[in-house]
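Protein chains get the first letters and strands the later ones, always in sequence-line order, with residue 1 at the start of each. Only this structure's heavy atoms are used, side chains among them; waters, hydrogens and symmetry mates stay out.
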Protein chains: 2
Amino acid sequence: MEKLPNIHPGEILNEEFLIPLGVTAYRLAKETNIPQTRISEIIKGKRRITADTALRFSIFFGNSAKFWLGLQDDFDIENELSEKQEEFNSIKLFAIAS
Amino acid sequence: MEKLPNIHPGEILNEEFLIPLGVTAYRLAKETNIPQTRISEIIKGKRRITADTALRFSIFFGNSAKFWLGLQDDFDIENELSEKQEEFNSIKLFAIAS
DNA sequence: TGCGTTACTAACGTCAAAGGTATGTATTTT
DNA sequence: AAAATACATACCTTTGACGTTAGTAACGCA
């Protein structure tokens, strides 16, 4: 198994939505009433997708808020896993006390 | 439509996992290597489920990290929606510039 | 009875990040 | 030329995630 580069939600926003649809970050900011800085930082992977952001995106793009939060979750989970492998290995599955 | 009380993830942790399985918050903290305060605050709805928490829970309970983060997402989305209805109403679906 | 484990809460303190406003600098459009 | 588009940087505030420590209480057992 290769380890995927772990692509962040901002990259998907840009490459799967903005570019194909011909929407600029500026326009997205204006139409969703999100400050430009927030959009800019999300695209650069410096900021997370929150529920507020997810809802605004979902209304504008016509998809679901869970899609956007799901992207963030996947990204977070992958990052945590690769950072704390050993830590997590020490946790054992629940078992009823004997 | 009635508005559901919007149940937070900690409540589900407690009522759907801890109580039925007979696991105390104290034991969960010990076995997942999470400080007790974190568990306590999550159960009381004062703290969110993060990727770290979700992964530890999923290993211990034998389910997925996305399940736990999904609970948090659902909760966040509901809260945002009820708080910012009007704000979101002003956002319009994307349309190609004419 | 007294010690240790279990169980939970409350009170600090730190650091990261989410949020906004303001500003700067191009480029395009009118 | 003026206004709108497009994007980035800097600064500030507030929230919240995190941990450590300390405190209380109840139960188990030797």
**Student:** Which of residues 81-88 of chain A have a heavy atom under 4.0 Å from DNA chain D?
**Tutor:** none

**Student:** For dC8(C), take OP1 and OP2 only and decide whether either is under 4.0 Å from a side-chain N or O of Ser40(B).
**Tutor:** no

**Student:** For nucleotides 13-17 of chain C, tabulate all protein N/O to nucleotide N/O atom pairs closer than 3.5 Å, reporting atom names and distance.
**Tutor:**
none

**Student:** Please confirm whether the shortest side-chain N or O distance from Thr24(B) to OP1 or OP2 of dA7(C) is below 4.0 Å.
**Tutor:** yes

**Student:** Find the distance Leu28(A):CG to dA8(D):P and express it as a whole number of Å.
**Tutor:** 13 Å

**Student:** Looking at Tyr26(A), does any N or O in its side chain come under 4.0 Å of the phosphate oxygens OP1/OP2 on dT5(D)?
**Tutor:** yes

**Student:** Taking ring pair (Phe, Tyr, Trp, His ring centres under 6.0 Å) as the cut-off, I'd like each qualifying pair that reaches into residues 18-55 of chain A, sequence neighbours left out, listed once.
**Tutor:** none

**Student:** Write down the distance between CD1 (Ile49(B)) and C1' (dG16(D)), rounded to a whole number of angstrom.
**Tutor:** 15 Å

**Student:** Listed in order of residue number, which residues of residues 12-20 of chain B have a non-hydrogen atom at under 4.0 Å from DNA chain C?
**Tutor:** none

**Student:** Please give, in whole Å, the distance from dA7(C) P to Ile39(B) CD1?
**Tutor:** 13 Å

**Student:** Of the options dA10(C), dG20(C), dA7(C), whose atoms approach the side-chain atoms of Arg38(A) most closely?
**Tutor:** dG20(C)

**Student:** Over how many whole Å does the gap from Lys44(B) atom NZ to dC8(C) atom P extend?
**Tutor:** 11 Å

**Student:** Without decimals, in angstroms, what is the distance between Ile42(B) CD1 and dT9(C) C1'?
**Tutor:** 15 Å

**Student:** For Gln72(B), check side-chain contact (heavy atoms from CB on, under 4.5 Å) against everything at least two apart and list the hits.
**Tutor:** Pro9(B), Arg48(B), Ile49(B), Phe75(B), Asp76(B)

**Student:** Could you pull out the protein-nucleic contacts involving nucleotides 21-24 of chain D (nitrogen or oxygen on both sides, under 3.5 Å)?
**Tutor:**
none

